[in-house]
Amino acid sequence: MSEYYQLPKAYIPADTEAKWYAWWENNHLFHGKPNPDKPAYSIVIPPPNVTGILHLGHILNNTLQDILIRHHKMMGYEVSWFPGTDHAGIATESKVEKTLRQKGEPGRDELGREKFIEKVWEWRKQYGGTIIRQLRKLGTACDWERERFTMDEGLSHAVRKVFVELYNKGYIYRGQRMINWCPVSRTALSDEEVIYKEVDGKFYHIKYPLVDGSGFLEVATTRPETMFGDTAVAVHPTDERYKHLIGKMVKLPLTDREIPIIADEHADPEKGSGCVKITPAHDPNDFAVGQRHNLAMINIMNADASLNDKAGAEFAGMDRFAAREKVVAELDKLGLLTKIEPIRHAVGFSERGDVPIETLISRQWFCNMKELAKPAIAAVREGKIKFYPERWAKTYFHWMENIQDWCISRQIWWGHRIPAWYNDDTGEVYVGMEPPTAPGNWRQEEDVLDTWFSSWLWPFSVMGWPEKTEELKYFYPTADLVTGPDIIFFWVARMIMAGCEFMKEIPFRNVYFTSIIRDEIGRKLSKSLGNSPDPLDVIDEYGADALRFSIIYIAPVGMDIRYSNERCELGRNFANKLWNVCRFRQMQGGPTEYYKSLDGLDKSALTADEQWIIAKVNDVVGSVNTSLKEFRFHTAAHDIYDLVWSNVCDWFVEAEKVQFRAGGEAKERALAVVDYILFKVLRLLHPFMPFITEELAHAMGYVAEDASIMNAEYPQYNEADAEGEKIVADVDNKFAMVTAGRALRSGCNIGDNKKVKFYIRAVNEEKLAFLNSQADSLKTLLNASEVEISLADYDRSQGAAPSALSNLGTIYLPLAGLIDVEAEKVKLEKQRVDYEKWIKSSEAKLSNERFLAKAPEQVVADAKAHLAELKEKLARVNELIDSLS
RNA sequence: GGGCGUAUAGCUCAGUUGGUUAGAGCGCCACGUUGACAUCGUGGAGGUCACAGAUUCGAGUUCUGUUACGCCCACCA
């Protein structure tokens, strides 16, 4: 790594980023290990799907985690960020299947279980690391030596152990229940994997003839094709219209079956005809009715949701939607279809297949979550775990307090195979960590577990659980979790339950929910819309630091982000600004010894501007630390941005050019102060922009060749630096006066490059002394040929001059008669009216007895001071008006 | 049906416990390359803080209601 060297004119990120990332990684700077001398700080990454490729959601999420990690590392914590990937059962299985199909190779069914799984592992070896490699481009300080995969042997062991424990406790059981079935993936899903969408459907009214020929019952349904599974028609027990029919039979059209009319409160007399068809095998409500009345359950569907032979020869094998059309047509032919109404209703879709799911009865494995939820609810209720933004706790409580049994079995192959064995001869079921040793004809359960059944153990399984490792002892519980609110049920809630159950300890203390990223017109980013930029392209174009900074800067708290690539210009420009201010510093001379501390420097010699910037930087140091503690990343980014651009570059460095020109001691002192604040700024910014800050810290000689800014101390608010606060107001006022002076120039169409004379009349002796001390700085900032400062009024005999007020005094731009007196009068008159208006409202407030009585003392004092100020300024405006007439 | 969020400048958004004349970036207008930076500088225009009430000495900020948009949850045929 090169030491102090001359920076090129523009920052080129690509080389810098590659160089530093390799250097950090090769020097194991991301690795944390149990260290009794330091407090621990750990984060587990939300493991991206092994099939995943990096998208902007990952960028935001991982940048935030990286900020936390680097901040804490610089604060003196022993940090470890546990990275890894998720095996993502259904997603990966279908991905590999698709790949095989594209290559024309034998697919899943041809290969059979073992060979197919081998293929998946091969695929994973070849492509599965993509997202992990991509994350490195972003600069993430992941502890790569601890990378895990949810199907690693250790993690699989943890999964089996948890399954067996919960089975032995009676929480996990196998049973026939209503589940959600995805006809595309051909597997059961959990309730959370069903996405409800509003769709336009049709409401079919069908007549079921009474067997005795005395008439019809009309039922209404959105799913006429399920009628083959009907085993009753229900009416409300108190419904007078149908009371006499209860117990009678109706003929089920298109079949040769007769089904009973039953009385059940599920039938709502207000709705439709008040009669409802009961299909216990395909509807959760009907299932309940069926249980109450001991009705038969007829499953009429195959795994792909085509109808089976229970639907009769004519319909067997038909797709469910084709069957619907045919059923309706047949009923119409028979005169049994009375009407079709349009209806808008919510239909459950499977996330993966994007087709409507089927609810049907199936034998699956379930986990009863009721008891697991209790301590997890308490942990959040009692504040042991905090959510940011806090409101997500409501969502969490609502779900947890109504938690349902979790369907954990999946009819796929890629995943943790359920550690249950059946003995078909005896009917025995064995559940254990290892296959049964008892003699007999045992066959293992074919199903695998829901992917989340391994993810929920992630915070401790990555640390080696169930072994009692040093890592667990030191790094568990983790500190913070950063994730999207969309997986609060899937993952966050379940991790809390798993932590409480198996570790007897919460898995993390804070959960920060990120925003969702949308495109510039508010649409969700998606591949199919083509509005999802590839972050690697963005990094190529703007740089990783620019992307990181921009996305944090524009991320509103707790709301969706509107993103477009152009917005990365903000970060790129900021990086360039930082680069150039450092470059400017270098052009003034070699490094000083004061970049770490101003100790040894004669503080009494500091200029007002120097005291001012030291205090301003110190303020921001304080607020950034506070913001980060409260997960207000966006505020921190704004504070640093404003500090660097406005205070450091626009004001301080410009003002300090006076000192550089002066040379000698003044220059030496200025360089010391610049080094001091620049190194602070670089450290402050490092968690946000790791690459450029590392580069600059080395180039400027602030960090030794073999060291990293990652290990430098994060700046903290300090009292010594706050001493300059006294002078801050005066310097602020000086800068305000400069702005006013420049506006006078601009108002007279005098270019910034033309040197002109200014006259300043100070408001009093004290301000006069201050202004005199700032003469050189004023001259430079105003680009003036001369600045005359005095207590005396402006000498009108030199010709009228446009003027502006400031708290320190009145600034004039003498133009030797070039001034448009009338225009100046109009301007001043307007000011006079404004001041009078403000004074009036201020006086009204101060004469209000209730204000004086009830407002805090300080507010009243401020108001009085403000009124005095307004009056003083009004007096000056009046003088100016008089002087023009 | 229940819950949550959002509404501030042309656009995207700040505005932490209520307290001077409401801010930034982008865009727009004018001027400017005085050797850090045109990925820049200087100055400027632009807002009845969605609407209606209430509380208060004082409301962009608190409360209630309304409207619009968005999200989540819910078995309604």
Side-chain angles (χ1 to χ4, degrees), chain A residues 7 9-11 178 196 203 219-223 234 266-268 271-273 275-279 283-288 345-346 359 389 391-392 394-395 398-399 402 485-486 488-489 516 520 522 542 546 553-564 566-567 569-588 626-627 630 632 634-635 638 641-642 646 649-650 653-654 657 739 742-747 749-755 780 783 834 837-838 841-842 845 848-856 858-860 862-863 865-867 869-870:
Chain A
L7 297 166
K9 189 167 171 179
Y11 174 52
M178 184 64 64
Y196 287 91
F203 207 30
V219 298
T221 179
T222 55
R223 303 281 321 267
H266 166 60
D268 182 348
K271 280 211 175 107
S273 64
C275 305
V276 58
K277 69 196 264 303
I278 302 297
T279 323
D283 181 279
N285 287 312
D286 295 2
F287 176 72
H345 62 148
T359 46
R391 65 185 143 85
W392 289 108
K394 261 195 176 171
T395 308
H398 182 257
W399 187 74
N402 297 286
D486 50 332
I488 187 169
F489 308 138
I516 290 171
E520 61 266 73
Y542 297 94
Y553 188 93
I554 67 175
V557 270
M559 279 164 34
D560 296 350
I561 299 178
R562 299 234 173 163
Y563 174 89
S564 69
E566 292 73 51
R567 301 195 75 175
E569 287 175 13
L570 179 131
R572 183 198 58 183
N573 295 354
F574 183 53
N576 193 248
K577 191 73 179 174
L578 192 70
W579 183 264
N580 271 290
V581 72
C582 287
R583 203 169 137 249
F584 174 73
R585 160 64 188 87
Q586 284 194 329
M587 294 167 89
Q588 308 309 316
T626 306
S627 295
E630 295 168 0
R632 286 156 47 211
H634 157 278
T635 310
H638 277 256
Y641 182 93
D642 291 344
S646 172
C649 294
D650 290 346
V653 169
E654 290 305 322
K657 284 177 179 173
T739 301
R742 287 167 176 169
L744 291 179
R745 283 178 95 103
S746 176
N749 284 319
I750 298 169
D752 299 341
N753 52 349
K754 212 173 279 174
K755 286 205 191 299
T780 297
N783 194 30
D834 282 345
K837 189 180 74 190
W838 295 329
S841 85
S842 179
K845 182 194 264 184
N848 182 337
E849 278 169 36
R850 282 180 301 181
F851 172 70
L852 295 175
K854 293 190 177 179
Q858 189 58 48
V859 172
V860 175
D862 287 350
H866 183 233
L867 177 61
E869 198 180 284
L870 288 172

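Since this is a predicted model, take the numbers as computed values, not measurements. All values below were derived from every heavy atom in this structure, side-chain atoms included, with hydrogens, water molecules and symmetry-related copies excluded. Every chain is numbered from 1 and lettered A, B, ... according to where its sequence line falls, protein lines coming before strand lines.
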Rounded interatomic separation in angstrom, taking CZ from A:Arg745 and C1' from B:A30 = 15 Å
Expressed as a whole number of Å, how far does the P atom of B:G41 sit from that of B:C26?
-> 9 Å
Write down the distance between CH2 (A:Trp838) and C1' (B:U20), rounded to a whole number of angstrom.
-> 10 Å
Reckon A:Pro485 touches a base, only the sugar-phosphate, or nothing at all at heavy-atom distances under 4.0 Å?
-> nothing
Have a look at A:Phe489 and say if it touches a base, only the backbone sugar-phosphate, or nothing, with a 4.0 Å heavy-atom cut-off.
-> sugar-phosphate
Nucleotide nearest A:Asp268 when distance is taken to its side chain, options B:G19, B:A36, B:A77 = B:A77
Is B:G47 paired to anything, Watson-Crick or G-U wobble with both distances less than 3.5 Å, and if yes, which nucleotide?
-> none
Looking at every strand, decide which applies to A:Cys275 at a 4.0 Å heavy-atom threshold: base, sugar-phosphate, or nothing.
-> nothing
For A:Arg572, answer base if it contacts any base atom (sugar-phosphate contacts may also be present), sugar-phosphate if it contacts only those atoms, and nothing otherwise; contact means non-hydrogen atoms under 4.0 Å.
-> base
Selected nucleotide, minimal atom distance to A:Glu654 side chain, candidates B:A24, B:C13, B:A36 = B:A36
CZ of A:Arg632 to NE2 of A:His638: how many Å apart, nearest 0.5 Å?
-> 12.0 Å
Is A:Arg391 near enough to B:C4 that one of its side-chain N or O atoms lies under 4.0 angstrom from OP1 or OP2?
-> no
For A:His866, answer base if it contacts any base atom (sugar-phosphate contacts may also be present), sugar-phosphate if it contacts only those atoms, and nothing otherwise; contact means non-hydrogen atoms under 4.0 Å.
-> base
Please tell me if the side chains of A:Phe851 and A:Val859 come closer than 4.5 Å, counting only heavy atoms from C-beta onward.
-> yes
Return the nearest nucleotide to the side chain of A:Asn753; candidates are B:A36, B:A77, B:U33.
-> B:U33
Let me know the distance between NZ of A:Lys845 and C1' of B:U21, rounded to the nearest Å.
-> 11 Å
Taking the side chain of A:Ala743 as its heavy atoms from C-beta onward, which of B:C13, B:U16, B:G44 lies nearest to it?
-> B:G44
Answer with base, sugar-phosphate or nothing: what part of the nucleic acid does A:Ala575 contact at a heavy-atom distance below 4.0 Å?
-> nothing
Nearest whole angstrom, please: distance from the C1' of B:G58 to the NZ of A:Lys854.
-> 11 Å
Do A:Lys577 and A:Asn573 touch side chain to side chain, with heavy atoms closer than 4.5 Å?
-> no
Nucleotide of B:A77, B:A14, B:C57 approaching A:Ala855 most closely (side-chain heavy atoms) | B:C57
Contact class for A:Leu870 vs. all strands (heavy atom < 4.0 Å): base, sugar-phosphate, or nothing?
-> base
Have a look at A:Arg223 and say if it touches a base, only the backbone sugar-phosphate, or nothing, with a 4.0 Å heavy-atom cut-off.
-> nothing
Hey, are the side chains of A:Phe584 and A:Lys657 touching, using non-hydrogen atoms and a 4.5 Å cut-off?
-> yes
For atom C1', what is the distance between B:C69 and B:C28, given to the nearest Å?
-> 28 Å
Integer-rounded Å distance: B:A24 P and A:Arg567 CZ = 17 Å
P spacing across the pair B:U16 / B:G23, given as an integer number of angstrom = 14 Å
State whether A:Lys577 places a side-chain N or O below 4.0 Å from either non-bridging phosphate oxygen (OP1 or OP2) of B:G41.
-> yes
Quote, to the nearest angstrom, the C1' distance that separates B:U6 from B:G15.
-> 16 Å
Could you tell me the separation between the CZ atom of A:Arg742 and the CD1 atom of A:Ile750, rounded to the nearest 0.5 Å?
-> 14.5 Å
Touch check for A:Thr739, heavy atoms < 4.0 angstrom, all strands: base, sugar-phosphate only, or nothing?
-> sugar-phosphate
For the base of B:C75, is there a side-chain donor-acceptor partner from A:Asn285 under 3.5 Å away?
-> yes
Does a side-chain heavy-atom distance below 4.5 Å link A:Leu570 with A:Tyr641?
-> yes
Which of the following nucleotides, B:A77, B:A36, B:C31, is nearest to the side chain of A:Asp752?
-> B:C31
Pairwise side-chain contact, A:Asp283 with A:Arg223, heavy-atom cut-off 4.5 Å (strictly under) | no
Sugar-phosphate, base or nothing in reach of A:Asp650, heavy atoms under 4.0 Å | sugar-phosphate
Spacing of the C1' atoms in B:U61 and B:A14 (rounded, Å) | 13 Å
Between A:Phe203 and A:Cys649, the residue closer to the 5' end of RNA chain B by nearest nucleotide is A:Cys649
If you check every side-chain atom of A:Tyr641, which of B:G44, B:G25, B:C4 has the closest atom?
-> B:G25
A:Thr635 vs A:Glu630 side-chain heavy atoms within contact, under 4.5 Å = no
Calculate, to the nearest 0.5 Å, the distance between atoms CZ and OH belonging to A:Arg567 and A:Tyr553 respectively.
-> 10.0 Å
For B:C40, does OP1 or OP2 lie under 4.0 Å from any side-chain N or O of A:Asn573?
-> yes
Atom pair distance, as rounded to whole Å: CE in A:Met587 and C1' in B:U34 = 14 Å
Any A:Lys394 side-chain nitrogen or oxygen under 4.0 Å from OP1 or OP2 of B:C4 = yes
Toward the 5' end of RNA chain B, by each residue's nearest nucleotide, A:Asn749 or A:Ile561 = A:Ile561
Taking the same atom, C1', in B:G19 and in B:C13, what whole-Å distance lies between them?
-> 25 Å
Donor-acceptor pair present, A:Gln588 side chain and B:A36 base, under 3.5 Å | no
Please report, rounded to the nearest Å, how far the P atom of B:C57 is from the CG atom of A:Asn848.
-> 9 Å
Using a 4.0 Å heavy-atom cut-off across all strands, classify A:Lys754 as base, sugar-phosphate, or nothing.
-> nothing
Could you tell me whether A:Lys837 contacts a base, only the sugar-phosphate backbone, or nothing, with contacts defined as non-hydrogen atoms closer than 4.0 Å?
-> nothing
Pick base, sugar-phosphate or nothing for A:Asn783, based on heavy-atom distances below 4.0 Å to the nucleic acid.
-> base
Looking at B:A77, B:C37, B:C72, which one has an atom nearest to any side-chain atom of A:Ala267?
-> B:A77
Could you tell me the separation between the CD atom of A:Glu569 and the C1' atom of B:A24, rounded to a whole number of Å?
-> 17 Å
